[in-house]
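Single-structure report; data block below.
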Amino acid sequence: MEHVSATATTDASGMVTGWSEGARRLTGRTAEEVVGRAARELLAEDPPGPAVAALKGTVVLRHRDGSSLTRFVEACPVLGGNGTPAGYVITARPPGSAEPTLAGQAFQQAVMSMSIFDTRQHYLRLNDVACRVMGVSEEALLGRFFSETVEDAEHSRGFLASLRQVAETGRPVRYESYTGAPALNREHAWTIEMWPVREEGSEELTGIALAAFDNSDQYWARRRLALLNEAAAAIGTTLDVVRTAEELVELLVPRYADFASVDLLDWVLGADEPPTALEGDIVLRRVAHGSGHEGTPEAAVRLGETDVYPASSPPARALREGRAALSQAGEPDFMRWVAERNARAPAGRSYRKGVHSVLAVPLKARGTTLGVAVAVRIAHPDDFGDDDAVLGEELASRAAVCVDNARRFARERTTALALQSSLLPRGLPGQAAVEVAHRYLPSGSLAGIGGDWFDVIPLSGSRVALVVGDVVGHGIPSSATMGRLCTAVRTLADVDLPPDELLTHLDDLVTHLASDDRPDEGGEVAELGATCLYAVYDPVSRRLTAAAAGHPPPAVVLPDGTARLVPLSTGPPLGVGGLPFEATEIELPEGAVVALYTDGLTEDRDRDVDHATDELCRALTAKTDTLDELCDTVLKAVLPEEPGDDVALLLARTRVLGADQVATWGVEPDPAYVAATRQAATEQLAVWGLEEASFVTELVVSELVTNAIRYGEPPIQLRLIRDRTLICEVSDGSSTSPHLRRAHAFDEGGRGLLLVAQLTQRWGSRQTGSGKTIWAEQSLEPPDF
């Protein structure tokens, strides 16, 4: 028993309240025999003093078998809430062990925090560093349960669990935590090594020793590196300037700062060029800020508002110097700036009180300054340091590149959208053939604006052309190509070509455009493709003729509520060349709805095209009061949540010109019948109440019918159509088109078509399946002389 040490606890009166295993082995008495008895009864002779507090020195203990043991005994008080001793921890060591040993000196002088606990997690010993961390002396902790000495309950649970694990298994344990300590002003990262303590020559566990290493510097270095890695994925997820700024703020708060803001120069959000110099007071616009408090009460500037930053303020200095600006409490410039900010706070608001450190970092990308990011620490105890400035500059650099990318994308998108809007029809022309409604939704994806387009083109004979197309690619080049095709289609439509022939000419045009885009590559044709659907509706015959070049077929909704796709023989996309296009003709009742659309409405990589087409047909049968409402219904039902392409939708409800609006006569190929034909036309105008148009109509009928008899071939037909205009058509079996000529002074003829062109609103000719038709339109509005 010479090397056995023992520990016991007593209350303030000296009654034994705790008995260690070492005490049992030393005295042979169990805890049941001792607890509750006076500590004096365990001594073989009187102690040095009258009270337990005086126990310090060599005493003689009485063993259970009656023998005596000499030990060095020391009593350490356990202080209560009022500062007076509530009990004592009594330790007994072999004689001579009171003198400091080399091992004891090493323990006491260690540079890390070291402690020893008994197997029930009570303090047995602490070195000087541990006492400084805890903020009290060793005597105030000896014998106390660990949880009673700390306030962090979560840390206490983990720490105690590790102590118990060592006591139960007898094996060392490593415990890591990020927590504070009673004497420390902030949280620290701790790595704590715990190991079992056994008496010499015994396998029995008598305590747990630990050494706590402060790894805060390494911890923060790892956190900064993790923050940089996270920034690579978290910043710049969208090509939106404001959202990118918000992502930077979300990364900084609350882990790095208590408040953060991003302010940009006004030109970044517009189309102006950047300023050449940033001197004096600087005006910035707030685009994002965030705080650890709900509602961001620390902000002195509202989102979207501008603010003037004095030249001496940290943000202005950062912008002017082009590097991070650190500012701490006590510095004159810092105090002036914080006072100015606090002056804006409503009375009684204290969220800005306690601001002690500010870090302002310029947002620079590609040599251009875009704005500034500001981080503020209030509750965070540490000031920003040089390492924080380096981290802030790295984060700001990454964010600035993303902001600049978003700015460039926004500028190009705005330009492309403006170009496309100027090329698309703003107001569709009024005509009697169809009622139309349309929608165009530009793409919001990173690819940019596409080349989708649509048009409604009035044709002769009250017919109308419905067009929709899609150019391959995105951005300004696609918009420019779309403008070329849109103009080409209008030009070809003015020639009144059938849909299949029009697409053939358009296909040749796209091929030439692709070749012209690369004139120096040995004739190699560039990749320039487009799709197009061209349909012509005739309200007199009620027939729709359509042809497609690589484009989805139109859908038709009949008045009975059924919807289906028009079965087209779709040709290749424009620009492929070499393959013919085929037109399909169907008859439609009055009130049918024809839907033309681009593939952005139904095609998406995450859904089946056939399923989307079925959804389109179902959506088109919805009961709505107007075509505009039907457009919105279709888009809501069919459009993907995040469409990756432009969407163009054109709806047309068919009208019919009845028998009371159309008059047709067959004409004998004999000049003698011209007068009778002219008379029939005059009588029809009287029936329609258009007597004021009789004079011009007689001249037009005479000229066109005479030309058909002289230069055309049978059969010859005259047709008058009363629409928004009065249309006179003469058809014959010859495919030879007339030419407008100017007669010389002594010519007897050659003035007929010139006279027709001058007397009518417009005139022209179109090829038919059996010949040609010459037509002329007169305005039904009274002439303005």
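What you see is a predicted model; the values in this text were computed from it and never measured.
- Sorted by first and then second residue, the salt bridge (Lys or Arg N to Asp or Glu O under 4.0 Å) pairs with a member in residues 168-179 read Arg174-Glu193; sequence neighbours excluded.
- Nearest approach of Gly18 to Thr9, heavy atoms of both residues: N-OG1, 2.9 Å.
- Residues passing the side chain to side chain donor-acceptor pair (under 3.5 Å) test with Gln165, sequence neighbours excluded: none.
- Between the side chain of Tyr256 and the main chain of Asp388, a donor-acceptor pair closer than 3.5 Å is present.
- Within 6.0 Å of CZ in Arg323 there are 12 or fewer heavy atoms belonging to other residues, nucleotides or ligands.
- Formation of a donor-acceptor pair under 3.5 Å by the Trp337 side chain with backbone atoms of Ser327 is not found in this model.
- No donor-acceptor distance shorter than 3.5 angstrom exists from the side chain of Arg286 to the backbone of Ser261, with no hydrogens or angles considered.
- Within the 3.5 Å criterion, the main-chain N or O of Val355 finds no donor-acceptor partner in the side chain of Asp258.
- No side-chain donor-acceptor contact under 3.5 Å links Arg407 to the backbone of Val241.
- With Arg285 contributing its side chain and Val268 its backbone, the two residues share no donor-acceptor pair below 3.5 Å.
- Counting only distance, with no hydrogens or angles, the side chain of Ser357 and the backbone of Phe384 share a donor-acceptor pair below 3.5 Å.
- Between the Thr237 side chain and the Ala233 main chain, no donor and acceptor come within less than 3.5 Å of each other.
- Relative orientation of the Phe259 and His289 rings is tilted, given thresholds of 30° and 60° on the angle between their planes.
- Formation of a donor-acceptor pair under 3.5 Å by the Gln121 side chain with backbone atoms of Thr119 is found in this model.
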